[in-house]
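Both ligands and their constituent atoms are indexed starting at 1 by order of listing. The shown structure was predicted, so the numbers you read here are calculated from the model rather than taken from an experiment. Heavy atoms only: backbone and side chains are in, while hydrogens, waters and symmetry mates are out.
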Amino acid sequence: MIDLSTLTIVKARQALTKGEFTARELTEACISATKEKDNDIHAFLEVFDDALTQADEADKKIKEGIDLPLLGIPVAVKDNMLVEGHIASAGSKILEKYRATYSATAVNNLLEAGAIILGRTNMDEFAMGSSTENSAYGITKNPHDLERVAGGSSGGSAAAVAGGMVLASLGSDTGGSIRQPGAFTGVVGMKPTYGRVSRSGLIALASSLDQIGPFTKTAEDAEIIYQVINGRDPKDSTTIEGDAYEENESRKIIGIPREFVEGEGVEPDVKKNFEEAVLKFKSLGYEVKDISLENLKYSLAVYYILMPAEASSNLARFDGVKYGLRELGETGIEDYFKTRGKGFGAETRRRVILGTYVLSSGYYDAYYGSAVSAKALITRELREIFKDIDILLTPTTPTPAFKIGERTENPLSMYLADIFTVPANIAGLPSISLPSGTVLREEKALPVGVLLSADLGQESIMFKASRDYLNENG
Ligand code: GLN
């Protein structure tokens, strides 16, 4: 029996090479796990029917002695990434029947590295949300407590790994959508530097903030996936060359934005858990200092202007003509209203309205223009601080996973789940959430995470500190 709950990519690769099990057996184990558990959790929207065929091809290559970083490893992908020939709905009714005609570059990179694409995972519609409750296809539940959310918007990808149904998955992170569900479900979730991973074939939320990244059980596994998916891609002009940033030699200085951490509604036991993580870093030989970042507190406000502005523009393409759902009215404009009225959920409509408003004539300068300036200010402040520190450390979220339905009536309380994750998107920084233990809620142990962010392009420093913290070195 293959024990998926503890199996990592590294261990599985060794076992596959040694012939302890085959890629087919591993993939079958994943498929059985989804059959056994996913009725409750609902991490997957679809397990692909060609998964075993892919596994057989991997087995052939393994027999031939071919060695690839992900050969024979089943990986799940969020439903907003295109996999040629398969449906990609972005959690929306409007794309319910949309079938991808090509694969996202990140998906192609996985395939070239030998991975098996197991299936597509549930998400908040168009990646808008922090709980996966905005999916048009039902809620993903937290494997640690089925009454609670798995976080979002990549809740399905997080729960698929945390629930022991697949070894790794891809998510997308615009304001925290990989790191926050990672923390809520107790797995590693990583967002690369903006421009490191191609967005070609990713259904866009906010193009200047979106990045694809991995969910895994270990930092080492996350780095393996990151190495496979990153790189310059002519299909995404914002991608950068591998050597675009000079790697700093590895110092060990951690900065904690004290006022920010103290001021943002962090629940007492989450705070205590964070302080324990700080002590751990100290015991590992890291220098820890308090720092002051005056403008960090504006990140969430800035995000909720920039993101809807870009989202409203990106979603204009769903007009009932080019893609997906088409509802006919008397006139062209009526087709448009009917299609979008029926195809978009409430949160998507809210953001289209917000975004259109902040971009509209007369308000553009007051809202969008100011947010762009504030973004520059926050970015400059963060870049400056990385001259003194290597890692910025905060909790990933102020609270553990909340109950299903608890925040759906109050969008603002939902938005606050991203208070610590959003700054990395605003400044384009690489950022990773590591499981840091649990806190008790109603006698259930719920995972929480710590968030490490580094300067642009300094993924290797971040991964090194992550492996240190998770005791993966030696
Ligand atoms: N929760 C945030 C939002 O709703 C972040 C989403 C994301 O990163 N895709 O916008």
Does F344 have K93 sitting over its ring (NZ/CZ under 6.0 Å from centre, angle to axis within 45°)?
-> no
Dump the pairs for me: ligand 1 N or O, protein N or O, distance under 3.5 Å, to 0.1 Å.
from: ligand 1; atom 1: 1 (N); to: G129; atom 2: O; distance (Å): 2.9
from: ligand 1; atom 1: 1 (N); to: S130; atom 2: OG; distance (Å): 2.8
from: ligand 1; atom 1: 1 (N); to: D418; atom 2: OD2; distance (Å): 2.5
from: ligand 1; atom 1: 4 (O); to: G129; atom 2: N; distance (Å): 2.8
from: ligand 1; atom 1: 4 (O); to: Y304; atom 2: OH; distance (Å): 3.4
from: ligand 1; atom 1: 4 (O); to: R351; atom 2: NH1; distance (Å): 3.2
from: ligand 1; atom 1: 4 (O); to: R351; atom 2: NH2; distance (Å): 2.7
from: ligand 1; atom 1: 8 (O); to: T174; atom 2: N; distance (Å): 2.7
from: ligand 1; atom 1: 8 (O); to: G175; atom 2: N; distance (Å): 2.7
from: ligand 1; atom 1: 8 (O); to: G176; atom 2: N; distance (Å): 3.3
from: ligand 1; atom 1: 8 (O); to: S177; atom 2: N; distance (Å): 3.0
from: ligand 1; atom 1: 8 (O); to: S177; atom 2: OG; distance (Å): 2.6
from: ligand 1; atom 1: 9 (N); to: A127; atom 2: O; distance (Å): 2.9
from: ligand 1; atom 1: 9 (N); to: S153; atom 2: OG; distance (Å): 3.4
from: ligand 1; atom 1: 9 (N); to: T174; atom 2: OG1; distance (Å): 3.4
from: ligand 1; atom 1: 9 (N); to: S177; atom 2: OG; distance (Å): 2.7
from: ligand 1; atom 1: 10 (O); to: Y303; atom 2: OH; distance (Å): 2.6
from: ligand 1; atom 1: 10 (O); to: R351; atom 2: NH1; distance (Å): 2.8

Nearest heavy-atom pair of A76 and T121: which atoms, and what distance?
-> CB-CG2, 3.7 Å
With rounding to the nearest 0.5 Å, note down the distance linking CD in E133 to CG in N122.
-> 11.0 Å
Are E223 and M190 side-chain neighbours, meaning at least one heavy-atom pair lies under 4.5 Å?
-> no
Side chain D79, main chain R120, donor-acceptor under 3.5 Å = no
Look at R199 together with D210 and state whether they make a salt bridge at an N to O cut-off of under 4.0 Å.
-> no
